[in-house]
Amino acid sequence: MISTQLSKILIVDDSDVVRSILCQALQQDGYELHTAADGEEGRQKVHTLKPDLVLLDVEMPKLDGFAVLREVRANFKVDEVAVIMVTSQSDGKGITRAFEEGAFDYIPKPATDSEIKARVRNAIRALQLLREQKTLRIQAEAANQSKSAFLANMSHEIRTPMTAILGYTDILELEAKSLQLPELISDSLDTIKRNGGHLMELINDILDLSKIESGKLDVESIRCSPQTIVEEVLELVQVRAEAKGLKLEASYQFPLPAEIHSDPTRIRQILINLIGNAIKFTEVGTIRLNTSLLENPGEEPQVQFTVIDQGIGMTEAQMSNLFRPFSQADSSTTRKYGGTGLGLTICKRLTDVLGGDISVTSKLNQGSQFSATVKTGNLEGVPLLQELQQNDNTESTKPLPARSEEQVLSLKGKKILLAEDGPDNQKLISFILKKSGAEVTVAENGEAARQAAMRAMEIGLLYDVILMDMQMPILDGYGATRILREQGYSGPIISLTANAMEGDREKCISVGCNDHVTKPIDRRKLISMIANCCEVETAV
């Protein structure tokens with residue numbers, strides 16, 4: 001039972017007799033009792049005493065009970081001050097009005113001691129439960145914020161060394177090909193790169209789940225083609241399927257809308273996860289992706305994507321754990337196939353966000369079938385296809401070939417200031433930029449970068465681009481960028497950060513950065529972004 005000790009009660013009634021009756025009924029229950037002889041005095045004491053509970057007479061001179069009740073509700077939340085109306089009205093209208101204006105309960109006149117005690121006890125119990133609930137909610141929000149902060153920090157701490165690991169592996173891989181080094185070296189580098197990529201997928205999965213759970217995941221609603229999404233996904237996973245000797249097929253059930261309004265990036269993420277799992281758990285046979293339109297009478301239509309494999313399958317018991325975070329069919333799955341069990345959880349959350357659902361059917365040793373649905377949005381005026389559409393932009397969706405040495409030298413003669421405190425990343429990024437023809441100046445912290453940039457501005461020779469790491473000693477990248485903009489520095493600044501949580505890019509842009517690169521760095525993307533920045537500045 002919840003204790004009533006020290007609960008503060010204010011009794012407001014213009015009748016000395018009623019106040020005495022109420023006090024006598026409650027004085028043995030351990031409450032701290034206070035009284036007021038009219039509505040105005042009661043109103044004042046509510047503010048000075050801040051009682052847990054007010055027993056409030058309805059009919060009083062100067063200020064009636066309903067006026068005091070409105071004053072209480074206007075200034076105090078329900079979990080701060082509860083109100084019980086004390087009334088002799090028996091027609092029900094006054095009681096109804098009391099509840100409508102925020103009273104917790106009422107005590108009729110006359111009332112027995114046991115009834116007074118019971119109603120007050122219930123009100124105090126409810127008040128304490130509300131306060132406990134509020135405390136738990138605050139603690140949960142604090143825990144969620146701590147978790148987000150931990151994940152952001154973890155992401156940064158892992159991404160920073162991964163920049164060096166993957167970056168140097170990429171460079172050594174290029175050198176191994178050009179120098180025709182032994183196959184063992186090439187295979188070893190490929191193994192490092194592949195496993196580094198798996199680690200980054202794990203980090204991204206954890207961050208995605210955190211964003212979804214906190215409601216901070218960016219989801220678009222734009223026009224997109226289901227057929228194009230399927231073709232892009234199959235192209236992306238084709239290499240993984242071929243490596244295991246598996247066949248990939250796409251099938252379509254017509255009619256199918258030419259376009260839907262949804263988030264193509266998130267749909268691709270769902271399908272890559274589902275097909276990736278199918279490839280992982282299938283040793284021989286075919287994996288098929290079927291796409292169809294579901295017409296739901298009275299509801300918005302949905303597109304259903306179904307991935308069918310001929311893999312190991314599952315039992316009913318194993319399927320029951322599939323969509324729980326960090327869960328897999330059984331413990332042996334992790335040992336044999338790897339993974340965290342986050343992929344299907346993310347798929348489930350994403351389909352929910354996109355207005356659909358995900359389901360599974362499976363037979364042990366025969367295969368599994370995962371069906372994910374997403375809402376189509378308004379299909380009014382959208383043509384329904386009866387056959388596959390010939391995509392004119394097929395070529396544009398294919399990965400671009402590796403650029404030649406001449407193309408890599410696109411930064412020739414460009415002066416770049418690199419603000420980076422990590423020695424390994426200083427060497428790596430400097431090497432990439434110099435290999436592309438740039439002249440690189442390194443600053444080991446934000447203050448050194450600010451001073452170097454201001455010296456360049458004073459002599460009228462701005463850097464073509466500043467690459468600004470955002471977490472550095474002495475002065476971080478946010479502070480350095482903000483000060484530079486305040487002091488009139490107008491050259492391009494690209495933020496360079498291992499932070500990948502929701503809002504990190506916006507935070508960098510808000511302090512004055514022109515663009516944003518996340519670690520680990522994609523060499524081609526970085527060079528392309530710098531080249532584009534330089535072209536924009538030249539055009540201006």
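The figures here come from the full heavy-atom set of this structure, side chains too, leaving out hydrogens, waters and symmetry mates. Just so it is clear, the structure is predicted and the values come from calculations on it, not from any experiment.
No side-chain heavy atom of S262 sits less than 4.5 Å from a side-chain heavy atom of T376. Between M470 and C508 there is a side-chain heavy-atom pair separated by less than 4.5 Å. Using a 4.5 Å cut-off on side-chain heavy atoms (C-beta onward), E420 and L496 make contact. Taking the side chain as every heavy atom from C-beta outward, P492 and D464 never approach each other to under 4.5 Å. The shortest side-chain heavy-atom distance between L354 and R266 falls under the 4.5 Å cut-off. Inter-residue side-chain proximity for L433 and L467 is flagged as met; some heavy-atom pair is nearer than 4.5 Å. For the pair V303/S292, no side-chain contact is recorded, criterion being any heavy-atom separation below 4.5 Å from C-beta on. Proximity of F254 to L384: side-chain heavy atoms (C-beta onward) are nowhere separated by under 4.5 Å.
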Self-check item: Intermediate values then yes/no, side chain to side chain contact (heavy atoms under 4.5 Å, CB included), M529 and D515
Solution: CA-CA 8 Å; M529 184 179 292; D515 217 327; 3.6 Å; yes
Practice problem: Would you please test V230 and F305 for side chain to side chain contact (heavy atoms under 4.5 Å, CB included) and show each step? | Solution: CA-CA 9 Å; V230 168; F305 301 95; 3.9 Å; yes
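For the side-chain contact (heavy atoms from CB on, under 4.5 Å) test, residues two or more places apart in sequence or in another chain that qualify with D187 are E183. When the side-chain contact (heavy atoms from CB on, under 4.5 Å) test is applied to I165, the partners found at least two apart in sequence or on another chain are M162, T169, I192. For K363, there are no salt bridge (Lys or Arg N to Asp or Glu O under 4.0 Å) partners, not counting sequence neighbours. When the side-chain contact (heavy atoms from CB on, under 4.5 Å) test is applied to P383, the partners found at least two apart in sequence or on another chain are A258. In terms of the salt bridge (Lys or Arg N to Asp or Glu O under 4.0 Å) criterion, R73 has no residue partners (sequence neighbours excluded). Under the ring pair (Phe, Tyr, Trp, His ring centres under 6.0 Å) criterion, Y252 pairs with no residue at all, not counting sequence neighbours.
Checking T351 against D357 by side-chain atom types alone, no donor-acceptor pair falls below 3.5 Å. Judged by distance alone, the side chains of H261 and S221 never bring a donor and an acceptor atom under 3.5 Å apart.
Checked for salt-bridge contact, R523 and D170 meet the test: a charged N lies under 4.0 Å from a carboxylate O. Between E249 and K247, at least one side-chain N (NZ, or NE/NH1/NH2) sits under 4.0 Å from a carboxylate O, which counts as a salt bridge.
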